[in-house]
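Everything numeric in this text was worked out from a predicted model, so none of it was measured.
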Amino acid sequence: MSLGQLHYTSAPPGPDGSGFRFTALTPGLPQSVLREAEQLIGYEPPRNAPSRPCATELEAFPRAFSYSELSDGSRLLARTVYTGADYSGRWGNFHAHAVHLAPGRQLPDGALPVSAWESPGWAAATPEGGAPPALAALPPSTLLDPAGLIAFAASRAPWLAAVFTDLQRQAEDETAPQVVLVERDSADVARWVALASAALPREAAHRLTFTTYTRRPHLAGQRIVGVLPDDAHGLAGSGRRYRVHDCSAPPPAPDGPAPGPDGSEPAPWAVAAARIWSAGAFELFQHAHRLPGEPFTAGPVSALALCAGIDLPSSHRTAAALWACEHPAELDGQELDGLVQTLAAPRQEAAVPAAETAALAELFARVGANLRPESAAPLAARLLTAAVRSAEPVRPPDPGALTDEVARQLAAELGPELRAGIADPAGGFARPLRLLRVAGLLTVDCSDLVTPLAHRLAAALLADPSAYGGDLHETLTDRPDLHTALLRELDAAALAGPASVTVLLERAPVELESREALPYLRMCGWTARGPAGGGGGGGDRNGELRAVLEAARVSVFAHPPLLRVAFRLVWGSDTPTPEEARYVLAETGADVHRPAETWPFLVTAALNGRPGDPHADELGHELLAAFPAQLAPRDRAALLLLEFARDLRAGGAGPGWVDRYLGLRRAAEPVNPTVLEHVCGRIARRLLTDPGAGRELDDLIRSGDADLCAAYERAAHEDAVHSQLLREPRYFADRFVDWNAHPQAGGAWGKVRSALLDGVLRPAGRALAAEDLAAVEAALAKRGTRHAEDFRAWNRPGALGRLGLRFGGRDSRPGKAAPRRRGSGSGSGSGSGSDDRYRDGGVR
């Protein structure tokens with residue numbers, strides 16, 4: 001590779017003129033390069049420089065060493081020095097020597113531009129001949145030695161991070177502000193460039209343009225601009241264009257890194273790079289440049305710094321640990337040990353941030369098995385200490401990571417804190433569980449705290465089953481004593497509220513295997529996870545009840561409360577049907593229901609049974625016999641009503657049905673509507689079907705019971721009554737006589753009577769053939785001649801209004817008796833007693 005040379009100074013007249021001009025050029029350099037170079041290599045002495053310096057004073061003048069980018073993409077590396085008087089004796093002369101790098105080219109052997117600071121290859125004067133050959137290389141400077149740079153970095157420690165932050169911004173954004181370094185010696189600016197070039201990624205270092213001195217920084221186009229203190233005035237406050245770092249003044253933060261010119265915090269990468277230079281470990285930069293990771297990320301450089309024992313802030317320790325987790329193979333065993341030892345060292349901070357602790361825990365999980373015990377134990381101890389004292393969760397290391405001595409020391413130090421944290425009910429159960437696991441690792445006895453913790457844990461899980469997670473599952477696996485205690489608590493909770501326990505077991509995979517009985521919990525587990533898929537879902541609920549009781553693995557006769565829990569699991573808030581309740585009572589017997597306190601379920605099943613269900617009144621009869629001493633008076637009376645309905649259905653009820661019904665109803669008030677409907681329906685049907693129920697119907701009419709009258713009306717509208725009216729003339733005749741009874745009666749019967757005659761009997765009469773109507777009249781004639789006459793008048797077309805006046809229009813005011821109308825007494829139909837029934841006279 002060849003470097004074209006340029007020399008520029010004030011020269012006597014010649015072919016190219018006089019004054020400042022290029023005095024020697026390597027042939028072939030483009031004119032465009034020369035025009036731009038002429039603007040970059042000029043020199044203006046410092047403001048307070050002597051006007052006629054002596055030789056010693058000339059040596060003290062700043063040297064303008066610059067590296068600039070030209071418009072065509074090529075680069076110009078130049079050194080300009082003040083030389084004093086020119087050929088004519090006029091003061092103000094300087095000499096510039098520059099080399100040109102074609103676009104995309106670097107110095108030979110990839111040398112960084114700053115390495116040419118005060119290189120022996122720079123000429124102090126124009127060479128003879130006027131056309132110097134291209135240079136093959138520029139020997140590196142001997143003034144930028146490592147020891148000198150380390151000492152300089154230490155002296156500039158307060159500014160390092162801020163300057164590196166601004167250089168990072170420049171590397172990432174071409175529009176970032178220029179960095180102005182205020183130094184009293186231009187050599188110090190060169191040292192700054194050397195520090196930056198070593199720290200920056202190699203490609204960014206080769207692109208870094210700079211000048212170590214200028215009198216007019218506002219005209220400089222380089223990324224780093226060095227100025228003397230007198231020339232920095234006027235740049236402050238121009239943050240959008242310049243970032244001014246005055247290293248000639250006392251540092252603004254003597255106890256730490258200075259903030260940026262705008263008060264911003266240094267970037268993480270810049271802080272790590274500053275610490276490395278301050279520690280004199282600049283060789284780490286070359287290693288960091290070869291490591292995987294995005295440029296300017298803090299992870300790689302921080303990891304190498306920590307491997308070398310260089311202390312860094314918590315955020316860098318976190319970044320280093322996370323980077324090492326992702327790239328553990330990039331560090332050899334010695335480096336990894338060094339990283340872990342530095343990370344495990346005691347810190348001055350009162351509390352280590354949670355992010356750092358979590359990163360350390362992750363790192364230990366990844367590489368802990370590859371560490372030497374003496375390296376692993378301190379980090380494991382630190383993680384265990386953080387797990388006890390940190391409010392955030394910390395994953396503890398494996399038990400084998402601790403040496404016996406470290407474990408004993410930690411147990412003695414952390415034991416009281418562990419016990420206090422496990423016993424503390426505030427803040428949920430997550431932290432006590434973590435502490436219990438740590439106590440197990442350190443063999444700290446906390447057995448007396450397990451049961452109270454299990455009680456709190458059970459309450460929390462029942463309130464929110466989603467709280468059961470991986471950490472809890474692992475803890476229960478690691479601590480069988482806690483698992484057993486939790487199952488005991490859930491078993492007790494299942495006795496009090498099986499539904500909530502069942503929901504928990506449906507949503508959370510709590511392991512139920514145990515050597516203990518736990519019958520209530522096992523029943524809930526079968527309901528939640530068994531083939532039935534939960535209780536109360538319909539189908540064969542009696543079979544499900546048997547299966548739930550079998551899941552308990554304990555006899556219900558030995559533990560009667562099992563039956564109550566099983567009832568709640570199978571039926572939940574529902575009620576067994578009377579048929580299901582009868583089955584349960586028959587299968588288990590009454591003796592187990594008393595101590596189990598499940599007989600109220602059976603009573604409720606009977607009282608809520610569907611009207612007309614024969615199992616309901618049979619169950620009522622069985623419950624009266626099974627629990628005579630347990631039934632409350634109201635429930636007993638209600639069950640007696642059901643038993644009475646049973647007797648009516650079976651034909652075993654003695655006379656006085658209505659009176660018995662009314663007496664039992666008063667004792668059972670308020671009566672369940674279903675029971676009332678059931679009993680009234682049975683009485684009504686019996687009144688409609690029993691030929692000898694005339695006196696009972698009189699009792700119904702006199703009672704004025706609205707429910708009983710309404711039930712009678714509903715029963716009369718049933719298809720069976722309609723069919724019988726069409727089929728049996730005598731039945732039709734009996735109903736005609738019955739429904740005309742007591743026309744003066746008001747209240748409930750008064751409302752029902754007309755509806756029966758007009759809504760039931762008249763449609764049936766219209767459907768009868770002539771011969772059937774004649775048969776009805778014949779049946780009525782047997783009851784009395786007047787009955788037949790009234791029927792003919794009632795059934796005559798157009799007679800409805802007259803009959804209404806005749807039958808229903810009699811004065812029924814209180815105190816006014818209807819005129820008596822006796823029958824002929826010649827009919828035999830229902831016997832002579834039937835006319836006595838209507839002693840008030842006439843057919844009604």
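- Donor-acceptor pairing under 3.5 Å is lacking for the side chains of T211 and Q222.
- Under 4.0 Å is where a charged nitrogen must lie from a carboxylate oxygen, and between E118 and R79 at least one such pair does.
- Considering CD of E356 and CG of L363, their distance stands at 11.0 Å, rounded to 0.5 Å.
- With a 4.5 Å cut-off on side-chain heavy atoms, L6 and V99 do not count as touching.
- Electrostatic pairing of D173 and R169 does not count as a salt bridge here, judged by no charged N lying under 4.0 Å from a carboxylate O.
- Considering CD1 of I224 and CG of D166, their distance stands at 10.0 Å, rounded to 0.5 Å.
- For the pair T80 and Y43, the tightest heavy-atom approach, listed with the atom from each and the gap, is CG2-CB, 3.6 Å.
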- Task: Would you check, one step at a time, whether the test side-chain contact (heavy atoms from CB on, under 4.5 Å) holds for L77 with L138?
- Result: CA-CA 10 Å; L77 185 62; L138 278 172; 3.9 Å; yes

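- Atom CG of L34 is separated from atom CZ of F22 by 5.0 Å, given to the nearest 0.5 angstrom.
- The existence of a salt bridge linking R156 and D188 is confirmed by a sub-4.0 Å separation between a basic side-chain nitrogen and an acidic carboxylate oxygen.
- In the displayed structure, D109 atom CG is contacted under 6.0 Å by at most 12 heavy atoms of other residues, nucleotides or ligands.
- P397 has its side chain within reach of L384: a pair of non-hydrogen atoms, C-beta onward, lies under 4.5 Å apart.
- For R389, the CZ atom counts as densely surrounded, since its 6.0 Å shell holds more than 12 non-hydrogen atoms of other residues, nucleotides or ligands.
- Between the side chain of T83 and the backbone N or O of N93, at least one donor-acceptor pair lies under 3.5 Å.
- A side-chain donor from one of E183 and W192 sits under 3.5 Å from a side-chain acceptor of the other.
- Using cut-offs of 30° and 60° for the angle between ring planes, the F285 and W277 rings count as tilted.
- Ring pair F210/F65: centre-to-centre distance below 6.0 Å.
- With 3.5 Å as the limit, one finds a donor-acceptor pair spanning the side chains of S375 and R372.
- Aromatic ring pairs are classed by plane angle as parallel below 30°, tilted from 30° to 60° and perpendicular above 60°; the pair W122 and H97 is perpendicular.
- Under the rule for a ring-ring contact (aromatic ring centres under 6.0 Å, His included), H316 has no partner lying at least two apart in sequence or in another chain.
- Using bins of under 30°, 30° to 60° and over 60° for the plane-to-plane angle, the ring pair F61/Y82 lands in the parallel bin.
- Here R216 does not pair with D231 in a salt bridge; the nearest charged N to carboxylate O distance is not below 4.0 Å.
- Counting only distance, with no hydrogens or angles, the side chain of S155 and the backbone of F152 share a donor-acceptor pair below 3.5 Å.
- Within a 6.0 Å sphere centred on CD of E203, other residues, nucleotides and ligands contribute 12 heavy atoms or fewer.
- Shown here for L228 and P62, the closest heavy-atom pair between the two residues is CD1-CG, 4.3 Å.
- Between the S119 side chain and the S115 main chain, no donor and acceptor come within less than 3.5 Å of each other.
- Within the 3.5 Å criterion, the main-chain N or O of D311 finds a donor-acceptor partner in the side chain of R275.
- Contact annotation: the side chain of L291 approaches that of H287 to within less than 4.5 Å [non-hydrogen atoms, C-beta and beyond].
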Which side-chain N or O atoms in residues 298-310 pair as donor and acceptor under 3.5 Å with protein atoms at least two apart or in another chain?
| from | atom 1 | to | atom 2 | distance (Å) |
| --- | --- | --- | --- | --- |
| S302 | OG | A298 | O | 2.5 |

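- Interatomic distance, CG of L149 versus CG of D145, reported as 6.5 Å (0.5 Å rounding).
- Between H206 and P113 the shortest side-chain heavy-atom distance falls below 4.5 Å.
- With rounding to the nearest 0.5 angstrom, the CG atom of L112 is 9.5 Å from the OH atom of Y67.
- Side chains of T26 and Q5: a donor-acceptor N/O pair is absent below 3.5 angstrom, by distance only.
- Side-chain polar atoms of E69 and T209 form no donor-acceptor pair below 3.5 angstrom.
- Contact between A190 and V114 at its shortest, heavy atoms only, is O-CG2, 3.5 Å.
- With hydrogens and angles ignored, the 3.5 Å screen pairs no side-chain donor or acceptor of Q286 with any backbone N or O of E283.
- R317 approaches A345 most closely through the heavy-atom pair NH2-O, 4.3 Å.
- For the residue pair L208 and A196, the shortest heavy atom distance occurs at CD2-CB, 4.2 Å.
- In this structure, H289 contributes its side chain and A199 its backbone to a donor-acceptor pair below 3.5 Å.
- The CG atom of L371 sits 9.5 Å away from atom CD of Q341, with the distance rounded to the nearest 0.5 Å.
- For F296 against A171, the heavy-atom pair with the smallest separation is CZ-CB, 3.5 Å.
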